[in-house]
Number of protein chains: 2
Amino acid sequence: MKQKESGCCASKHQKMERFLEISLLMLLFDKKGYGYGLIEQLEDFGFTSEDLNIGSLYRSLRKLADQGLVSSVWEDAGQGPKRRVYTITAEGKDELHNWIPILKERKSRIEQLIETYEKKSSDTQGDKK
Amino acid sequence: MKQKESGCCASKHQKMERFLEISLLMLLFDKKGYGYGLIEQLEDFGFTSEDLNIGSLYRSLRKLADQGLVSSVWEDAGQGPKRRVYTITAEGKDELHNWIPILKERKSRIEQLIETYEKKSSDTQGDKK
DNA sequence: CTTACTATATGCACATTGAATATAGTCATT
DNA sequence: AATGACTATATTCAATGTGCATATAGTAAG
């Protein structure tokens with residue numbers, strides 16, 4: 001039967017690629033932000049300049065906008081070029097809310113993998129080496 | 001500087017696609033297994049028949065074999081067709097070992113997202129609705 | 001004017017993925 | 001031994017996702 005595209009958190013498959021999108025929604029949850037400026041804020045979620053690609057960032061923001069999860073306006077920054085400033089929508093907040101249980105499940109799956117490894121590797125501790 | 005392809009856990013980017021590969025290595029850690037039979041064992045790690053694709057499974061096993069992380073032989077099952085039975089190699093065990101800290105980091109990143117959400121959503125609890 | 005920086009956006013080649021399909025041996029029934 | 005159901009492995013294909021490089025352009029400093 002599958003859960004089909006139920007509007008929320010579409011895509012039954014648990015892809016980690018979406019981690020960036022979720023992180024962006026999280027950052028925008030309580031205050032607006034713009035692409036370039038969000039980069040350093042993403043460090044709070046473990047993104048480093050090495051593994052964060054600027055192109056992917058802008059594409060993700062566009063994708064979120066296309067889905068209606070954020071809205072954007074051009075704002076004059078006073079200093080430097082204008083910025084496309086993003087604000088989360090009510091739909092975006094719903095989407096984020098719906099992602100939480102999925103994140104929790106994913107977390108427990110990772111936990112189980114770690115626990116399984118620790119159990120298995122201690123069982124074979126008396127091996128060679 | 002980046003960590004480059006340091007032999008272990010190659011690919012600096014934390015892709016969740018590899019979750020299947022890691023799960024397979026985990027299952028093969030202490031006993032051999034074959035493709036079709038591993039499917040139900042994967043349920044222990046949260047894979048369901050809906051989100052597990054048989055084609056991806058065989059491709060992952062082949063990929064692991066290409067990397068030298070598992071080896072395979074054809075075995076007569078007594079019942080039914082022959083099976084390509086996989087066994088983890090020493091390199092495969094090393095790879096799995098090296099993945100553990102990465103899994104732990106990933107887990108803590110997810111935890112932080114969840115905690116951040118719970119904090120933020122409680123801050124705005126007095127909103128509408 | 002030119003250089004450096006901020007900021008957004010796009011093009012392209014490549015990798016991953018799900019779904020469908022292919023291949024083929026085995027088993028039970030007739 | 002012919003049929004059909006099932007086990008088991010493997011491959012093709014189209015769609016999507018990705019990193020990297022590059023394009024575009026406004027602003028600031030000299």
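Remember, it's a predicted structure, so these values are computed and weren't measured experimentally.
With sequence neighbours left out, the side-chain hydrogen bond (donor to acceptor under 3.5 Å, both in side chains) criterion links B/K119 to B/D123. Residues satisfying the salt bridge (Lys or Arg N to Asp or Glu O under 4.0 Å) criterion with A/D44, sequence neighbours excluded, are absent altogether.
Looking at heavy-atom distances under 4.0 Å, B/G55 makes contact with a base. B/R62 comes within 4.0 angstrom of the backbone, heavy atoms only, and of no base.
Computed from coordinates, the A/L57 CG to C/dT10 C1' distance equals 15 Å when rounded to whole Å. Between the OH atom of B/Y34 and the P atom of C/dG25 there is a distance of 18 Å, rounded to whole Å.
Pairing each heavy atom of B/V85 with each of B/K32, the nearest pair is CG1-CD, 3.6 Å. Shortest non-hydrogen contact noted between A/F45 and A/F19 is O-CE2, 4.2 Å. Contact detail for A/L20 and A/S60: the closest heavy-atom pair is CD2-OG, 3.5 Å.
Put simply, A/K63 has a side-chain N or O that comes within less than 4.0 Å of OP1 or OP2 on D/dG17. Between B/Y58 and D/dT9, a side-chain N or O to OP1/OP2 separation shorter than 4.0 Å is present. An OP1 or OP2 oxygen of D/dG26 is reached within less than 4.0 angstrom by no side-chain nitrogen or oxygen of A/R83. Within the structure, a side-chain polar atom (N or O) of B/S56 is placed less than 4.0 Å from OP1 or OP2 of C/dG18. Using a 4.0 Å cut-off, no side-chain N or O of A/Y36 falls inside it from OP1 or OP2 of C/dT8.
Closest approach to the A/R59 side chain among D/dT9, D/dT18, C/dA9 is made by D/dT18 (side chain taken as heavy atoms from C-beta onward). Nearest to the side-chain atoms of A/P81 among the listed nucleotides C/dT26, D/dT27, D/dT9 stands D/dT27.
Residues from residues 71-79 of chain B lying near DNA chain C, meaning a heavy-atom separation below 4.0 Å, are B/G78, B/Q79 in numerical order.
Between B/K104 and A/E118 there is a salt bridge, since at least one side-chain N of the basic residue sits less than 4.0 Å from a carboxylate O of the acidic one.
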